[in-house]
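Only one structure is covered here, and it is reproduced in the block below.
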Amino acid sequence: MKSIVAHLLENALATLPELADASADIAVASTVERTRDPSHGDFASNIAMRLAKPARMSPRDIAAKIIENLADSELVDEIAIAGPGFINFHLSAVALHRELLTVLDQGTRYGRQPARKAPRILLEFVSANPTGPLHVGHGRHAAYGATVGNLLEAAGYPVEREYYVNDAGRQMDILGVSVWLRWLEAQGVDISFPEAGYHGDYIRDIADSINTEACSVVDAERLVHGLPEDDKEAIIEALIKTAKDALGADGFDHIRQQALESIRADIEEDLAEFGVTFDRWYSEQSLTTSNRIDEALAVLEQRGMLYEEDGATWFRATDFGDEKDRVVVRENGNKTYFASDIAYHFDKRERGFDHLIDILGADHHGYVTRVQGGLAAMGYAAEDLEVELMQFVALYRGNQRMQMSTRSGEFDTLRQLRAEVGNDAARFFYVSRSNDQHLDFDLDVAKSESNDNPVYYIQYAHARIASVFRQLAERSLEWDTPSGSENLALLTEPQEKALMTTLSRYPEVIDLAANNRAPQHLVHYLRDLANDFHTYYNAHAFIVDDDKQRNARLLLIRATQIVIANGLAILGVSAPETM
RNA sequence: GCGCCCGUAGCUCAGUCGGAUAGAGCACCAGAUUCCUAAUCUGGGGGCCGCAGGUUCGAAUCCUGCCGGGCGCGCCA
């Protein structure tokens, strides 16, 4: 709809050579926006004000000139100059009717743009460490990432979703030793579980369920022998060494990998139940086995981006705006997590993705500059990597704030949250506010007031429409679509006009939400749309005696039902036929 | 100390690229159904957009400073 107005303006400008210079670097479509006040029409353009200074004319004079040269269109009823120089466009009923028929015609495809080939987008999100179940904070990442992926797809982008599995490094050893100790405990060995181990009950479950052929029993004495005191990190380190000695490197590896896969599979299942799926689970370990890290470091070396100091290898991050240079290979020869990360992002670009989007926790913001620096140092553009930071979720039960820590075992899991409030409400609530806002999630409120949750309000609108069509059948009537199409001119009530106008905004909302990675725009839109529908429902009957009017009204609410279903599908929320 | 994010109604939050009289839900007050689902609708009260400057036709929005809150500043991951 917006493009109708933009094209009219572009054509008018083309006939005005005196404005050509001034308007050269203005995108006409960017001057056109929906009005907030219906008395200003449907769309307004501020182009006359933007041209005033370069063209050295008054805005209202420019507006008058443009209007004079606007071609007549059956899609626009009235064009007016308003205020300091806005050009207001009132769309015709014909334009709204045409859009309604487009909704019916395109159905589930309505609001989706044609698929394009580029840029190829790689969307990475969640990527929680496979050391325990997902907690409520990860749930926000999952809901947001999945919805942004759906939005990008609807906007026509080729997008793939990827989960980076942090299955390398010390945390995996801690996981392995935690499982082993719980297994020993189950064998009757008296252990003192280390503070720095993973305390959650799921560790016991894993110890019970895995193949323990590789496990060997050691006595309690050996476990505590020579343990350092007080320093919890040194204690866990010593226990890992004991485990490797007792089990052998292969034996320990066997336990560790089983634990890892058990947790990873659990996370995958949890997310799938939440309607969140990935095209690829990318293993950090595989970066080492495929020599990807060494290749990336070689590229950096070749470009002169590395140097040796204090026995370590450093990346010149300060050349790319970071506050200090960063170690990529430690003095002990081990590569850092940062080395994996730049190799991983290098790999993403090498795999042919043009634009990389990472959804990261707000605590990772210090990391963005150096990873972008890594890309730039390897010959790509820093801007190829876009990072969307998610602010934290604080979980409450009433006034009680919950602690969320995987190691302490006191977290509240995504599973618990989903069981308590349901997938639909959780998906909806998680994306209903901007990703850069903190989210207070009160379980008591979400449970006790679940009937007041906006998601039900929107779903109810969908169910009500389904109910109307069921009623129609019960009264032995049929919806005559051609008759409805021919009689759209009968839709003259203010509630009908409002509903048609809101429906016509849908493609613009998808575009806006996708481009800004901002699902909350869609959430608010669907709320508005449901509100327009409920208002209409209360004001007028749809199943009226007059055939023409009935068929026209049924067409309008069918279009409404389609748009609600399409929008909810993008949010990952169900559109029920009954409630 | 330095860096990033946030500050909008009693509460939780929207507010697009700077646009016209700043919006919604909850809560509060008053109403609506012989009729398609009352999980609904209609009306009402409620604002120094943290504070102070600046930019301009125009600022909640952009810039600077300050105040308040969150997070980050490892040869951890």
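These numbers were taken from a predicted model, which means no experiment stands behind them. Every chain is numbered from 1 and lettered A, B, ... according to where its sequence line falls, protein lines coming before strand lines.
Ring geometry, A:Tyr537 versus A:Phe542: the interplanar angle exceeds 60°, so the pair is classed perpendicular (tilted spans 30 to 60°). By the 30° and 60° cut-offs, the orientation of the rings of A:Phe338 relative to A:Tyr367 is perpendicular.
Under the 4.0 Å criterion applied to side-chain N and carboxylate O atoms, A:Asp347 and A:Arg292 are assigned as salt-bridge partners. Between A:Arg256 and A:Asp173, at least one side-chain N (NZ, or NE/NH1/NH2) sits under 4.0 Å from a carboxylate O, which counts as a salt bridge.
Counting non-hydrogen atoms under 4.0 angstrom, A:Ala44 reaches a base of the nucleic acid. Using a 4.0 Å heavy-atom criterion, one finds that A:His524 contacts the sugar-phosphate atoms exclusively. Backbone-only contact: A:Glu33 has heavy atoms under 4.0 Å from sugar-phosphate atoms and none from a base. Counting any heavy atom pair closer than 4.0 Å across all strands shown, A:Asp436 reaches sugar-phosphate atoms only and no base atom. Across all strands shown, A:Ala518 has no heavy atoms under 4.0 Å from either base or sugar-phosphate atoms. At the heavy-atom level, A:Phe469 lies nowhere under 4.0 Å from the strands shown. In this structure, A:His462 reaches neither bases nor backbone, as no heavy-atom distance under 4.0 Å exists between it and the strands shown. A:Asn531 comes within contact range of the sugar-phosphate backbone alone, with a heavy-atom separation under 4.0 Å but no base atom that close. In this structure, A:Glu508 reaches neither bases nor backbone, as no heavy-atom distance under 4.0 Å exists between it and the strands shown. Note on A:Thr578: a base of the nucleic acid sits closer than 4.0 angstrom, heavy atoms only. Residue-level contact check: A:Ala541 touches the bases, meaning some heavy atom is under 4.0 Å from a base atom. Residue A:Ala461 is classed as having no contact, given no heavy-atom separation below 4.0 Å to the nucleic acid.
The side chain of A:Arg433 places an N or O atom within less than 4.0 Å of a non-bridging phosphate oxygen (OP1 or OP2) of B:C13. A sub-4.0 Å separation between OP1 or OP2 of B:A20 and a side-chain N or O of A:Arg36 is present. When the side-chain nitrogen and oxygen atoms of A:Thr535 are compared with OP1 and OP2 of B:U42, one or more of them lie within a distance under 4.0 Å. The side chain of A:Gln437 places an N or O atom within less than 4.0 Å of a non-bridging phosphate oxygen (OP1 or OP2) of B:A14. Between A:Arg330 and the phosphate of B:C76, there is a side-chain N or O to OP1/OP2 separation shorter than 4.0 Å. Remark: A:Gln391 is not in phosphate contact with B:C4, judged by side-chain N or O atoms under 4.0 Å from OP1 or OP2. Neither OP1 nor OP2 of B:C75 sits under 4.0 Å from any side-chain N or O of A:Asn332.
Checking B:C36, B:C57, B:G70 against the side-chain heavy atoms of A:Met49 singles out B:C57 as nearest. Of the candidates B:A20, B:U40, B:C6, the closest approach to any side-chain atom of A:Asn88 belongs to B:A20. Proximity note for A:His365 (side chain, C-beta onward) versus B:C71, B:U16, B:C73: the nearest is B:C71. Distance from the side chain of A:Phe392 is smallest to B:C71 among B:A38, B:G25, B:C71. For A:Glu331, the side-chain atoms get nearest to B:C75 when compared with the rest of B:U40, B:A14, B:C75.
Applying the Watson-Crick and G-U wobble criteria (two distances, each under 3.5 Å), B:C35 pairs with nothing in any strand. Remark: B:C4 base-pairs with B:G70. Criterion, Watson-Crick or G-U wobble with two distances under 3.5 Å. Nucleotide B:A20 forms no Watson-Crick or G-U wobble pair with any nucleotide shown, as no partner meets the under 3.5 Å limit on both distances. The partner of B:C75, taking Watson-Crick or G-U wobble pairs whose two distances both stay under 3.5 Å, does not exist in any strand shown.
Around NZ of A:Lys2, the count of heavy atoms belonging to other residues, nucleotides or ligands within 6.0 Å exceeds 12. Within 6.0 Å of CG in A:Asp545 there are 12 or fewer heavy atoms belonging to other residues, nucleotides or ligands.
Evaluation of atom-type donor-acceptor distances gives no pair under 3.5 Å for the side chain of A:Asp363 against the base of B:G72. For B:G72, its base never sits under 3.5 Å from the side chain of A:His364 at any donor and acceptor pair.
The gap from the C1' atom of B:U61 to that of B:G3 amounts to 23 Å, rounded to the nearest Å. For the P atoms, the distance from B:G25 to B:C5 is 31 Å, rounded to whole Å. Distance noted for atom C1' between B:U8 and B:G23: 10 Å (whole Å). Between B:A20 and B:A32, the distance separating the two P atoms is 37 Å to the nearest Å. Using C1' as the reference atom, B:C49 and B:G18 are 15 Å apart when rounded to the nearest Å.
Aromatic stacking is not marked for A:His521 over B:A14, as the cut-offs of 5.5 Å for the centres and 30° for the planes do not both hold. The aromatic ring of A:Phe86 sits over the base of B:A20, with ring centres less than 5.5 Å apart and planes tilted by under 30°.
Test A:Val523, A:Ile570, A:Val573 against A:Val431 for side chain to side chain contact (heavy atoms under 4.5 Å, CB included) and you get one pass: A:Val523.
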(request) List the steps and the verdict of side-chain hydrogen bond (donor to acceptor under 3.5 Å, both in side chains) for A:Gln171 and A:Asn129. (result) CA-CA 9 Å; A:Gln171 60 183 344; A:Asn129 290 342; 3.0 Å; yes
